Amino acid sequence: MKSIATIQKEIIDEFSLFDDWMQRYEYMIDLGKSLPIIDQKHKTDSNIIKGCQSKVWVYAELKKNQVIYTADSDAIITKGIIALLLRVYSKQHPSDILKADTSFIDKIGLKEHLSPTRANGLLSMVKQLKMYAIAYQTQLN
Amino acid sequence: MKSIATIQKEIIDEFSLFDDWMQRYEYMIDLGKSLPIIDQKHKTDSNIIKGCQSKVWVYAELKKNQVIYTADSDAIITKGIIALLLRVYSKQHPSDILKADTSFIDKIGLKEHLSPTRANGLLSMVKQLKMYAIAYQTQLN
Amino acid sequence: MIDVKKIRDDFPILKRKINGNQLIYFDNAATSQTPQVVIDKISNYYSNYNSNIHRGVHMLSQEATESYEKSRRIIQNQFNAKSSNEIIFTSGTTHGINIVASGYSNFLKKGDEIILSEMEHHSNIVPWQMLCEKTGAIIRIAKMDENGVLILDYFKSICSNKTKLVLVSHVSNALGTINPIESIISIAHSNNAVVLIDGAQAAPHIKIDLQKLDVDFYVVSGHKLMGPTGIGVLYGKESLLDMLPPYQGGGEMIEEVTFSKTTYAKLPHKFEAGTPNISGGIALGTAISYLNEIGFDSISKYEKSLLDYSTFKLLEIDGLKIYGESNQKTAVISFNIESIHPYDLGTILDKLGIAVRTGHHCAQPIMDHFNIPGTIRASFSFYNTKEEIDIMVEAIKRAKLMLA
Amino acid sequence: MIDVKKIRDDFPILKRKINGNQLIYFDNAATSQTPQVVIDKISNYYSNYNSNIHRGVHMLSQEATESYEKSRRIIQNQFNAKSSNEIIFTSGTTHGINIVASGYSNFLKKGDEIILSEMEHHSNIVPWQMLCEKTGAIIRIAKMDENGVLILDYFKSICSNKTKLVLVSHVSNALGTINPIESIISIAHSNNAVVLIDGAQAAPHIKIDLQKLDVDFYVVSGHKLMGPTGIGVLYGKESLLDMLPPYQGGGEMIEEVTFSKTTYAKLPHKFEAGTPNISGGIALGTAISYLNEIGFDSISKYEKSLLDYSTFKLLEIDGLKIYGESNQKTAVISFNIESIHPYDLGTILDKLGIAVRTGHHCAQPIMDHFNIPGTIRASFSFYNTKEEIDIMVEAIKRAKLMLA
Ligand SMILES: Cc1ncc(COP(=O)(O)O)c(C=O)c1O
Ligand SMILES: Cc1ncc(COP(=O)(O)O)c(C=O)c1O
């Protein structure tokens, strides 16, 4: 399995090919469309992340010491961001997830999604991903 | 009896002799010192005017269809202002008092005392003088 | 008529570039932009006569007090209140509503009813829910129809002698609907109910005559009125304000304090505890004078033309649905495009320099009514132009292609 | 050390002439003056990114939100709060106290006791009187001695397990006394009482470490902290803020609203209903950064030198009595001159360009204690100078002659 740092580096490299925001967003929208669908039974109210303008559902399981995330959103750009996050965080060891930072979001020109406006739930999403990691980390100890 | 307008004119003329605020204030302080003393029995809490930083007592009687005001204050500049006001308003017919305005205060360079700050109770004083006039006016009708 | 080119020069922010594009600001229902005269008034206050008011004998304090109280009178005249005692400075519409809602906890009892319209902003819902929790009074909802128009007959049918309070917005922030508040007030009054009108969205666009309306309470926000943030106005009839208990305790709102007994100051100070937002109050007067110089007739007429034009142009877009189709509207358009999430569209428009609002607009019950997660809301002001609307329409088409 | 000449250039108002004289501003305890960086921050906000915060996807809204939340973190760091959730923006000290006092009406019952010091500002008296009226709790007074110093032994003697709340100012606005809040907090806590410290007069002059103090609630006003009017801060320990009910209902402070059920947002938003004073919050951060650049050590030391100098000079005046003679004071001097009314002296000083405050300073119980109608209060800031004090002393002598 690739390390989180490696994946982040790959994403930064991919995005560096784009000339402008249009291309970046079109790519994100494509990513959003290709996000594997979350199992319908996990799309429950208790799995909704509060504080996002679009609805976001996140679910996680521990398999072979790796956290496997699945997620969905009703907004396509949000789905694109989720796809990026899952590419970085999913299938990693909880302790690695907890150490990871989000600076790659800034580096790929999506800084606006890191802003503390509650409208943009990216920070809430990352927080939720890490909550799962904490929970599973405890389980592993 | 002189009319209110005449008295106001006289006061304006007197003050026009002063070169600066110092002289005006010294004169006011002198006026304050010479304010005839209010009867002690009228210096009651119910005769205090609210909204002045210094305490002001005002009392009024009707004699021969004229309102006779007496007043006092614990601050000397306030007493000076009262002295000016009483010179204008006292011993006048209630209806004349009700018609009178306070623009002479501005004309004698004491505009600051007309400001709506509650610290400066001149407007409250005038209001109280007029309240008495209204009351006695009703009595005369 | 409006000389929009000249007016735009009054607003420095309209020169901003966003992501390389000229800013197009269509989020006026959230917060209006601020003309240079208002900005200057604030700078001038802090540079020349910043001071605590009402109790100072010194010149700065007198100047600040005079400006603040002058502003109160400007507001009184603007809204035609009977007395300046009826003009209470607040920190905004929300604060104003809370003063009234909190005050009525002394006067409502179990089983009393209050009526809210279905299109209220959360600020005109939650304080009343809190009031009902305290008192046991019951909320009844005045419904609206599919066009986002209040159903007056229905309102009439639920308004009775049990109704103590009627709480309705003059204009819906999410739909733009102008409510028939004259009828609402008269129906309510004939049932001896007291009426609070949330005027946050009306005051910037419509000339308001409080005495003619005979409304009991009316609330507005400065930051929607070309004024600064942190300031607003609660109007109340003097007799009602006299009756209500003070909301906050503190300096300014008292006449005398001893540990055994405190007497409260007269109106308007009774409701203005503590050092107020002095620069905000002063600048709000300037903002209202500015609006008046342009003239509410001109403003209404011009904004109506923007509304009509944008409605026409937007409806040309395939799959676009407008929410709120009353024939009495301010220049607010709430819409969705089939199978596109408002957040996605808003994000792309932002990239193109166009500021619209997306989401529930603090009016979730409206969203529930239409069974949608939210809308995209473009809200116009007199400094906006048809050219800007054209650019938005093109941008929406482009975003639609991207998101499809 | 302070370069006062350079610092004075930061404050445009200090160039004002009053009645032909250079303004001497000694009313800092009422409201501090505003440095140009703060004024510029406000202008800049309205000229470049004025927008409603927290819910907008567009750039202006994001910039405004970021600045506002950055300011919250500046404040958190300045006062060393554990979390930015503990920093609630208010409209001022009075508002902050009212939030807490109103919240405790759910938690006090008849016979419970609360302790106020005798030297509280009305804003830290009246809200608690209102609370006691609602709950039947009883106010006990922590007395001070003839020097205006809190009698700690007496406080200890009235603090018991009946005591639920202790409400004391860090610094008295009328006397300048710095209270021993560390001891007060520890005595209160050993009785399981919750402590609110009114820091309005302390925060501008003393570095405050909330975690070290272990205080439960702490309140300040922006307009005394070189910031704008209409903004302040309530600090509360997270667990206590979590426990308190929301104060106002409205937008921002909710998570979800339906007519049947509303859930409240998390801290700090739970207490920030409605559109806040955005420019005020942002500019307060700038003001605090400005103070920090000068440094609280330098400020305290320099202001102490002004206090010592002015005390020495004033006491040379015949018949002058100073109220508040603690050896722990901020740079506030409250005084009277035999047989002269404070209002008269204040009026003459104003004519000479000197702004002092006269009256009861919203602390009538203190005046009752000393059996006087009021005092003249000169309160200094780090931009004041000894030369200004000399001018005031001469002016007082002159006024004395006029008024004698
Ligand atoms: C000690 C103290 N407490 C409370 C206040 C009230 O502050 P504000 O008027 O800013 O709410 C003041 C200021 O006047 C004060 O000096
Ligand atoms: C109709 C309506 N009511 C109330 C409010 C709340 O106003 P504020 O946030 O200024 O208190 C708003 C604005 O958001 C509004 O549009």
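Throughout, protein chains are lettered first and strands after them, A, B, ... in sequence-line order, and every chain is numbered starting at 1. What you are looking at is a predicted structure, and each value in this text was computed from that prediction instead of being measured.
D:K134 NZ: more than 12 foreign heavy atoms inside a 6.0 Å radius.
Interface residue C:H95: backbone and side-chain heavy atoms are both found under 4.5 Å from chain D. Proximity to chain D (any heavy atom under 4.5 Å) is restricted, for C:L116, to the side chain, taken from C-beta onward. At a 4.5 Å heavy-atom cutoff, the contact between D:E256 and chain C is made by backbone and side-chain atoms alike. Both the backbone and the side chain of D:Q33 come within contact range of chain C, with heavy atoms under 4.5 Å apart. Interface remark: D:M59 contributes backbone and side-chain atoms alike to the contact with chain C (heavy atom separation under 4.5 Å). For a residue to count as touching a neighbouring chain, one of its non-hydrogen atoms must lie under 4.5 Å from one of that chain's; by this rule D:D368 touches chain C with the side chain only.
Of the residues considered (D:H122, D:Q36, D:K15), D:H122 shows the highest number of contacts with chain C, using heavy-atom pairs under 4.5 Å. Ranked by non-hydrogen atom pairs under 4.5 Å with chain C, the options D:D27, D:I42, D:I141 are led by D:I141. Each of D:W128, D:F11, D:Y25, D:Y247 has some count of heavy-atom pairs under 4.5 Å with chain C, and the biggest count is that of D:Y247.
No side-chain donor-acceptor contact under 3.5 Å links D:S91 and C:S91.
Residues D:H58 and C:I18 have side chains not in contact (no heavy-atom distance under 4.5 Å, counting atoms from C-beta outward). Looking at heavy atoms from C-beta onward, C:K261 lies out of side-chain contact with D:Q129 at the 4.5 angstrom threshold. Side-chain contact between C:V257 and D:H360: absent, with no pair of heavy atoms (C-beta onward) separated by less than 4.5 Å. At a threshold of 4.5 Å between non-hydrogen side-chain atoms, the residues D:Y46 and C:V38 do not count as touching. Side-chain contact check for C:H223 versus D:I278: every heavy-atom pair is 4.5 Å or farther apart.
Looking at D:N50, its side chain does come within 3.5 Å of a backbone N or O of C:S32 through a donor-acceptor pair. Formation of a donor-acceptor pair under 3.5 Å by the C:N98 side chain with backbone atoms of D:G249 is found in this model.
The CD atom of C:Q364 sits 5.5 Å away from the CD1 atom of D:I254 when rounded to the nearest 0.5 Å. Atom CG of residue D:N277 and atom OG of residue C:S279 lie 7.5 Å apart, to the nearest 0.5 angstrom.
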task = Give the intermediate values and the outcome of side chain to side chain contact (heavy atoms under 4.5 Å, CB included) for residues C:Y45 and D:I39.
result = CA-CA 10 Å; C:Y45 168 78; D:I39 303 174; over 6 Å; no
